[in-house]
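Working notes, beginning with the structure itself.
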Amino acid sequence: MHAPNRRATAVGAAALLLATAAVAAVPSSASAANILTNPGFETGTLSGWSCSGGLGSVVSTPVHGGSKALAGAVSASDNAKCTQTVAVQPNTTYSLSSWVRGNYVYLGVTGGTSTWTPAAADWKQLTVSFTTGAAQTSAEVYLNGWFGQGTYYADDISLDGPGGGTPDTQAPTAPGNLTATSTAATQVSLSWGASTDNVGVTGYDVYRNGTLATTVTGTTATVTGLSAGTAYTFTVKAHDAAGNASAASNSVAVTTPSGGDQQAPTAPGNLAATATAATQVSLSWGASSDNVGVTAYDVYKNGALATTVTGTTATVTGLTASTAYTFTVKARDAAGNTSAASNSLAVTTPSDGGGTPGTFKQAAPYLYNGWGNPPAASTVMNATGIKWFTLAFVLAQNGCNPTWDSQRPLLNGVDQQTINAVRAAGGDVVPSFGGWSGNKLGPNCADATALAGAYQKVIDAYKLKAIDIDIENTDEFENYTVQDRILNALKIVKQKNPGIRTIVTFGTAISGPTAPGNRLIEQSKAIGADIDVFTIMPFDFGNASTDMYAATVSAATGLKNKLKSVYGWDDATAYSHLGISGMNGLSDNNETTSIANWTAIRDWANTNHIARLAFWSVNRDRGCAGGGLQETCSGIAQSDWQFTSITAGFTG
């Protein structure tokens, strides 16, 4: 999420490291040259550049080099964004840099990576790298300031790399000499000769009986999940980064040997529910028997695999209150033989106790494993009674692939360990996608379907009840193409995951949503995105003396009124779709949300029965009076986890 101190220090650093890594992975540019028009503004005009609101101008002082520079006169409602669109080559890495001065100056490429500086009293160089997509032939670079933060300056801007050219349309050569290196009852191992390509081969697709079985980056693969005593035909095709696919290799016919064990276990018996709660059901069943031995039981929810266990009990989580489910169980042995299904068990989960059945209420402060000395979730839960955390941040890696901070895997890492610990302590998490900076999924996924698929990977990995889309900055929130892509993807997610809750979190003015926020709400209604909670971030208004309680109530009231206007809701319904996500202690603008402020905000939220209360962040929920803006503490006097304790008292 949220504030610039987070936006740059952790995710921004991660994005830069990843961008650096990408340079090593992608073929070097043929030659590096600055391909921007009028990069130093020495023409004395804005030729080649376009600045929002007419707020850009060329000045003679201050300058970094030559005799001219760009000045962006930021206003309270316009960030003086200046852009230039240039022709680029697909699958190519570029380096973007600029010398800047001023408070909160941002440099980036629309739909890609960005960087920033919170304060530059003298000239400071910002640099960021990005790699163009497989079919990309143009890129828009930008500079902007931040609302109400004063004029920024930029000079000697450079975009280094080759100019636009012909896209790569040449396919790799076909893989050669495909052979089976080993064969078992349920799998076949293959090898083949490497293909060549004018740019570079990025992967090999292995086909079984004409259907894609697996994709690898090397020249060997093992295809599993086969049946004993069965004939198969295999081929392999190579592909490059532009998506060009080679002709197929020679075909290899393989018949798997007969398996030694082909007898399935007996069906589990007497499936029953031993405990039922709003969001989970505990099950037990009678053990199956097998001629060799049962190795696992697969538990199915409404016909889809929900979990796999080795014993005869399981708890299925991630359910929705007041919802009917049907469960069955199947046994499996080591050879992969699967039993018939157990008896079918129908269970309806009870109400979640939050008002009307199924009403969504969530107290969920942000916890971030990539920054700020993250505390153990169970320690905070035991000390405060908090049950939910918003876990930051899911970003993009290698295109439209979701990972934590663009670097940590979804499974078997610290983030999954945190989720497991929270759930073991009786709580749950809602992952947050996006944030202020970093390589986000919205700009990297080609369309709404692909983006929904990326969201689905995370939903499936953790069997989620809710997701939070933290939509910020110029690459998502202010890029209306990407904003629409996100909303349409969330519509798909709701259609494919009945009962899941979708949250969008975005910045605000004191009076309520800004223009991009108003559009977000209007578009959500227009396309039927069915967003459950619209959460505002009421901080960074630009004045250290701001009364944060009054400003938060004003912003939330503005959001409530906008929801009423767009959706035709009454006050109570609008509040039930509204969330607040504040910043504990000092904000980036040195605004102070005190313990008393946050308690009053919590009480106001309860009185008006809003849907969600969160803050940035648990990492900072520790005292350091007079310490200024910190990653590991709030900058004010407080007890450890005091803001979390207050938030735990949110009931809606």
Side-chain angles (χ1 to χ4, degrees), residues 1-3 5-6 10 277-280 317 352-354 361-393 404 413-432 462 465-466 468 535 539 548 579-587 592-606 610 612-627 629-652:
M1 161 178 166
H2 268 43
N5 81 83
R6 189 253 0 132
T279 59
Q280 63 184 42
T317 60
D352 61 5
K361 301 294 180 183
Q362 185 190 79
Y366 282 73
L367 177 63
Y368 188 14
N369 279 323
W371 167 91
N373 187 24
S378 57
T379 298
V380 180
M381 294 174 76
N382 290 335
T384 65
I386 200 74
K387 292 296 185 184
W388 280 80
F389 293 97
T390 306
L391 201 59
F393 286 99
W404 294 102
V414 63
D415 303 281
Q416 184 176 35
Q417 292 169 11
T418 298
I419 293 171
N420 293 346
V422 171
R423 287 175 170 170
D428 213 336
V429 304
V430 50
S432 183
Y462 304 123
K465 303 180 186 71
D468 170 44
T535 301
F539 55 86
M548 295 305 287
I580 292 172
S581 186
M583 188 168 179
N584 54 311
L586 292 182
S587 75
T592 301
T593 299
S594 66
I595 295 296
N597 289 154
W598 192 242
T599 302
I601 290 167
R602 189 272 317 275
D603 292 345
W604 182 91
N606 281 338
I610 74 169
R612 181 174 182 243
L613 186 64
F615 67 87
W616 180 264
S617 64
V618 177
N619 305 61
R620 302 177 65 249
D621 195 8
R622 295 173 270 216
C624 56
L629 191 62
Q630 298 285 330
E631 298 177 4
T632 57
C633 57
S634 64
I636 65 173
Q638 64 158 99
S639 303
D640 286 355
W641 326 130
Q642 195 167 1
F643 281 86
T644 305
S645 294
I646 296 166
T647 306
F650 170 70
T651 61

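Along the sequence shown, residues carry numbers from 1.
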Scanning both residues in full, the closest heavy-atom pair of V380 with V618 reads CG2-CG1, 4.0 Å
Heavy atoms, side chains only, cut-off 4.5 Å: are M583 and F643 in contact? no
Minimum heavy-atom separation for Q362 and A466, please, with both atom names. NE2-CB, 4.5 Å
Give the C-alpha distance, both sets of side-chain angles, the deciding distance and a yes or no for side chain to side chain contact (heavy atoms under 4.5 Å, CB included) between W641 and N382. CA-CA 11 Å; W641 326 130; N382 290 335; over 6 Å; no
Looking at every non-hydrogen atom in both residues, tell me the closest pair between P365 and F615 and how far apart they are. CB-CE2, 3.4 Å
Would you say the side-chain atoms of N619 pair up with the backbone N or O of T632, donor to acceptor, closer than 3.5 Å? no
Consider only side-chain N and O atoms of S594 and N597, and report whether a donor and an acceptor are under 3.5 Å apart. yes
Measure the shortest side-chain to side-chain distance between P375 and R622 over non-hydrogen atoms and say whether it is less than 4.5 angstrom. yes
If you look at every heavy atom in A425 and M381, which pair is closest and at what distance? CB-CE, 3.7 Å
Verdict with reasoning, R612 to F650, per side chain to side chain contact (heavy atoms under 4.5 Å, CB included): CA-CA 8 Å; R612 181 174 182 243; F650 170 70; 5.5 Å; no
K387 side chain to A364 main-chain N or O, any donor-acceptor pair under 3.5 Å? no
Approximate separation, where rounding is to 0.5 Å, of R620 CZ and I636 CD1: 9.0 Å
I'd like to check M548 versus W598 (side-chain heavy atoms, cut-off strictly below 4.5 Å). Are they in contact? no
CG on L629 to CG on L586, rounded to 0.5 Å: 6.5 Å
Side chain to side chain contact (heavy atoms under 4.5 Å, CB included) between F389 and I419, intermediate numbers included: CA-CA 9 Å; F389 293 97; I419 293 171; over 6 Å; no
Value rounded to 0.5 Å, distance of OG1 in T647 from CD1 in I580: 11.0 Å
Quick check: do E631 and Y368 have side-chain heavy atoms less than 4.5 Å from each other? no
Inter-residue atom distance S634.OG - I595.CD1, 0.5 Å rounding: 7.0 Å
Identify the two heavy atoms, one from L367 and one from A377, that lie closest to each other, and give their separation to 0.1 Å. CD2-CB, 4.1 Å
What's the shortest heavy-atom distance between S432 and Y366, and which atoms? OG-CE2, 3.7 Å
Show the numbers, then the answer: is there a side chain to side chain contact (heavy atoms under 4.5 Å, CB included) between N584 and T593? CA-CA 6 Å; N584 54 311; T593 299; 5.9 Å; no
Less than 3.5 Å apart, any donor N or O on the side chain of D621 or T644 sitting next to an acceptor on the other? yes
